[in-house]
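Here is the structure we will look at, set down as structure tokens.
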2 protein chains.
Amino acid sequence: MKKRARAKAASRALGLVALGLLVGGQGSAPPSPNAVLETAAAGDWRSVPQEKLVYLMLGDGGRVVIELAPAFAPRHVANVRKLVGDRFFDGLSVNRVQDNYVVQWGDASEKRPLGSAEARLEPEWERAAEGLAIVDVPGPDGYAPAAGFVNGWPVAHDPKRGRAWLAHCYGMVGAGRGDTADSGNGSELYAVIGHAPRHLDRNVTLVGRVVDGIERLSALPRGTGELGFYESAGERVPIRHVRMGTAVPERERVEVEVLRTERPVFARWVEARRNRSGWFVNPAGHADLCNLMPPVRVRS
Amino acid sequence: MKKRARAKAASRALGLVALGLLVGGQGSAPPSPNAVLETAAAGDWRSVPQEKLVYLMLGDGGRVVIELAPAFAPRHVANVRKLVGDRFFDGLSVNRVQDNYVVQWGDASEKRPLGSAEARLEPEWERAAEGLAIVDVPGPDGYAPAAGFVNGWPVAHDPKRGRAWLAHCYGMVGAGRGDTADSGNGSELYAVIGHAPRHLDRNVTLVGRVVDGIERLSALPRGTGELGFYESAGERVPIRHVRMGTAVPERERVEVEVLRTERPVFARWVEARRNRSGWFVNPAGHADLCNLMPPVRVRS
């Protein structure tokens, strides 16, 4: 009886604070990441203009919104805009869902013309670090000499070479390619849905990040074919259409804001995630780049 | 016309080698991870005995198999065995699916007695490194002074303190707890389904790893409540029953083998993943601990 009562109490606590995400500042303990976030002023959030947003509408009405990254992949972003503008993706499908890796969508028939878009593009795997105000995060990165954020984007860089590149964190979107470096044109896109496959950095061009609705992709049934491709047409997940935000009727648009990574509040949030308080007994003293993806808020 | 033909060729290539996972050794290039794996001898694989396997059968017949880690969490593993033996989990449900984080299952009613199992257990967040033949992986870990594998398990450790602990990599299974360190008794279990939440290391007791059927959990619909809890009973995913492998009828058992992490073939596989060849133009020169989870093969 006593055991049961104790078990119940323990279980209740679990229901409320399971895995410690809801625990805020307690007394003089350092604040939780969420508590830090609550101190962010309106100006600490960057509003994403509709011309940078891609709306991917699935057959069941599910919406996935992607922010494009023209500062890192201008040619690929321009090509994606052409493909979207030409309605290339309308009626196509999600063809591949590989667990702990990627979801990929495009033309399963491999026959649809690319319209005004280019078929081949020089890769944009990295760029000059010059001109980027990278705010490094503390600690080793493993995959690069240094890493941090620029304007909300996860960026690894090599100060010696003066080069910087987007990192394959959860939710990042890239342009799949074939054997040649120039074969990724944006007509086959993928989103990361697992532990960051950072070995893809500087091998595929990243074009953006899913800022709303990643769970519409990450919870799709896994494909049972090689590389997680669906084995039959019936398994593929239909795409109703894809539109740039500017072409979406105003009442169907969402307002997307990303926490400004150059502001002190982001540094405080990073520190709170590196050393969690409250429920946590042993703060890690570290958080890797992809565990520090800046918060996004979305309003319909 | 020319453009179209070129587009088609590029797209075909994408379909075949998308994101480079199928590319093997090409000429004198270093072998791919899969090519290394093909060189593994029968003795390079460790067979997991049925007494270490937990079979979680979902309501729709989906099977999830977990290998327990008694070397790291003997008390918690013993408690889980009691709970399973007493059929504690039968008829319960998956109650929480938080995107890029965890799937959690247990007693949503918080009323079921724990039977012969303990309600409170001293945490097993770390153990003495002594007695563990840890094979370190190269490169910095960020979250710990060193990290590697023991008998297939991802282990971070601190040589100065002589302590070692399991790491929260994708697919790892832990015992959820409430506010107090001793409140995780194994009656609420979770599996990692996102980028490794290593900040949970040494804050929750890990008890095992999903070795088969993680996609039965990772592809479940996300909960829309706080922390990804399902908001209504109807959304919960029923658990038909949970059994130790020894209690599963022989024809329904699976044979699980894990690549032996102390063998040279594992070191070669790690190196192949750190520096990929073939499709990859820029090898990373690194792979983090959770991108090196040892391959598992399963036979029905």
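Note: hydrogens, waters and symmetry copies are ignored here, and every other heavy atom, side chains too, is used. Being a predicted model, the structure only gives us computed values, none of them experimental. Numbered from 1 within each chain, the chains take letters A, B, ... in sequence-line order.
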Query raised in the report: Which of the residues P221(B), A196(B), C169(B), A181(B) is involved in the greatest number of heavy-atom pairs with chain A at under 4.5 angstrom?
Result: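 Among the listed options, the one with the most contacts to chain A is A196(B).
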Query raised in the report: If you count heavy-atom pairs under 4.5 Å between each of C290(B), A219(B), P197(B), A284(B) and chain A, which one has the most?
Result: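 With the most close heavy-atom pairs to chain A, the winner is A219(B).
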**Report entry** Side-chain donor-acceptor contact under 3.5 Å, H286(B) with D141(A)
**Finding:**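 No.
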Query raised in the report: Just checking, is any N or O donor in the side chain of S32(A) or N34(A) under 3.5 Å from an acceptor N or O on the other one?
Result: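 Their side chains do not contain a donor-acceptor pair, so the 3.5 Å distance test is not met.
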Query raised in the report: Where on Y143(B) is there a heavy atom nearer than 4.5 Å to chain A: the side chain, the backbone, both, or neither?
Result: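 Contact with chain A is through both the backbone and side chain of Y143(B).
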Query raised in the report: Counting heavy-atom pairs under 4.5 Å to chain B, which of V281(A), N95(A), N291(A), N100(A) comes out on top?
Result: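 Option with the greatest count: N100(A).
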Query raised in the report: Which one of G139(A), S218(A), G194(A), P140(A) has the most heavy-atom pairs closer than 4.5 Å to chain B?
Result: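 Result: the option with the highest number of such pairs is S218(A).
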Query raised in the report: Which residues pass the salt bridge (charged side-chain N to carboxylate O under 4.0 Å, His left out) test with R236(A), sequence neighbours left out?
Result: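 Residues passing salt bridge (charged side-chain N to carboxylate O under 4.0 Å, His left out) with R236(A): none at all.
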**Report entry** With sequence neighbours excluded, residues passing side chain to side chain contact (heavy atoms under 4.5 Å, CB included) with R202(B)
**Finding:**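 With sequence neighbours excluded, R202(B) shows a side chain to side chain contact (heavy atoms under 4.5 Å, CB included) to N282(A), W125(B), E126(B), R161(B), W165(B), given in chain and number order.
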**Report entry** Test item: R274(B) side-chain N/O and G285(B) main-chain N/O as donor-acceptor pair under 3.5 Å
**Finding:**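 Yes, R274(B) side chain to G285(B) backbone: donor-acceptor pair under 3.5 Å.
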